[in-house]
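The structure presented is a predicted model; accordingly, all values stated were derived computationally and were not measured. Residue numbering restarts at 1 for every chain, and letters A, B, ... go by the order of the sequence lines.
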Amino acid sequence: DTGVSQDPRHKITKRGQNVTFRCDPISEHNRLYWYRQTLGQGPEFLTYFQNEAQLEKSRLLSDRFSAERPKGSFSTLEIQRTEQGDSAMYLCASSPTVGNEQFFGPGTRLTVL
Amino acid sequence: DAKTTQPPSMDCAEGRAANLPCNHSTISGNEYVYWYRQIHSQGPQYIIHGLKNNETNEMASLIITEDRKSSTLILPHATLRDTAVYYCIVRVYTSGTYKYIFGTGTRLKVLA
């Protein structure tokens, strides 16, 4: 399968713990996006990478959140000192340089107890 | 802030056309309208997009009003597998890329 993949698909953690999610975009897509989706809402933009450069961060991305894309391929999203309000689906999407459609992965569902 | 408004839910009989409306009255002249759908517990799936002309592909048709303040997604022959949340999205350009602004979506239920 050559689509966007995310790992893990589900994560349950206790408040205060750190978690890290991984996204593998479609090969040769140099644009990568992270979104957060809470129950009953549409996805909300968090951050965007072009190759390894993080070019935009939403104000939703507090200091406890950090994202990286070290070699311009896969990306990680880390949440430190998780809070119950961080419980959500975290979606990753990628798009090619030319062309605008974003291809979404299946998401990582985070539950903070 | 969402730039689109959609009804929260709709029902459609199997085999009939599903017409999903969307208002985007504040859309700018160069901003496209995209439609995605999301089946439970999966990532959003692309359906169609357009700027001002009507568009059709193998999945759906998109009708955009002349003033571009609203659009309608048409699934010509809905099946049970089309049951999903449908998002009307405005694509905005910022920081060197295109960003999707999602609304809250319409939950479409196709009835047998």
*Asks:* Leu55(A) versus chain B, heavy atoms under 4.5 Å apart: side chain, backbone, both or neither?
*Replies:*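 Contact with chain B is through both the backbone and side chain of Leu55(A).
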*Asks:* Could you state whether Leu51(B) and Ile89(B) fall into the same hydrophobic cluster, counting links through intermediate Ile, Leu, Val, Met, Phe, Trp or Tyr residues with side-chain heavy atoms under 4.5 angstrom apart?
*Replies:*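 Same cluster.
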*Asks:* State whether the number of non-hydrogen atoms from other residues, nucleotides or ligands found under 6.0 Å of Arg64(A) atom CZ is greater than 12.
*Replies:*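 Yes, because the 6.0 Å sphere around CZ of Arg64(A) holds more than 12 heavy atoms from other groups.
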*Asks:* Kindly work out whether a path of hydrophobic side-chain contacts (I/L/V/M/F/W/Y, heavy atoms less than 4.5 Å apart) joins Tyr34(B) to Leu91(A).
*Replies:*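 The answer is yes; both residues are in one hydrophobic cluster.
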*Asks:* Does a sphere of radius 6.0 Å around CD in Glu68(A) hold more than 12 heavy atoms from other residues, nucleotides or ligands, not counting ones at 6.0 Å or beyond?
*Replies:*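 Atom CD in Glu68(A) is not crowded, with 12 or fewer foreign heavy atoms closer than 6.0 Å.
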*Asks:* To the closest 0.5 Å, what do you measure between CD (Gln102(A)) and OH (Tyr98(B))?
*Replies:*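 Gln102(A) atom CD to Tyr98(B) atom OH measures 12.0 Å (nearest 0.5 Å).
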*Asks:* Answer with yes or no whether the hydrophobic clustering places Leu110(A) together with Leu61(A); edges join I, L, V, M, F, W, Y residues whose side-chain heavy atoms lie under 4.5 Å apart.
*Replies:*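 Yes.
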*Asks:* Please determine whether residues Ile39(B) and Phe104(A) belong to a single hydrophobic cluster, defined as Ile, Leu, Val, Met, Phe, Trp and Tyr linked transitively by side-chain heavy-atom distances below 4.5 Å.
*Replies:*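 Shared cluster, no.
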*Asks:* Which answer fits Gln45(B), side chain, backbone, both or neither, if we ask what part of it has an atom under 4.5 Å from a heavy atom of chain A?
*Replies:*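 Nothing of Gln45(B), per the 4.5 Å heavy-atom cut-off to chain A.
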*Asks:* In residues 36-48 of chain A, which residues are in contact with chain B at a heavy-atom separation under 4.5 Å?
*Replies:*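 The stretch touches chain B at Gln37(A), Gly40(A), Gln41(A), Gly42(A), Pro43(A), Phe45(A), Tyr48(A).
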*Asks:* Got a sec: does the CZ of Arg107(B) have more than 12 other heavy atoms crowding it under 6.0 Å?
*Replies:*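 It does not: Arg107(B) CZ has 12 such atoms or fewer within range.
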*Asks:* Using 30° and 60° as the class boundaries, would you call the ring planes of Tyr35(A) and Tyr100(B) parallel, tilted or perpendicular?
*Replies:*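 Ring orientation of Tyr35(A) relative to Tyr100(B): tilted.
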*Asks:* What distance do Arg91(B) atom CZ and Glu101(A) atom CD have between them, rounded to the nearest 0.5 Å?
*Replies:*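 So the CZ of Arg91(B) and the CD of Glu101(A) are separated by 11.5 Å.
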*Asks:* Please say yes or no: joined through hydrophobic side-chain contacts below 4.5 Å, possibly via intermediate residues, are Met59(B) and Ile74(B) part of one cluster?
*Replies:*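 Met59(B) does not cluster with Ile74(B).
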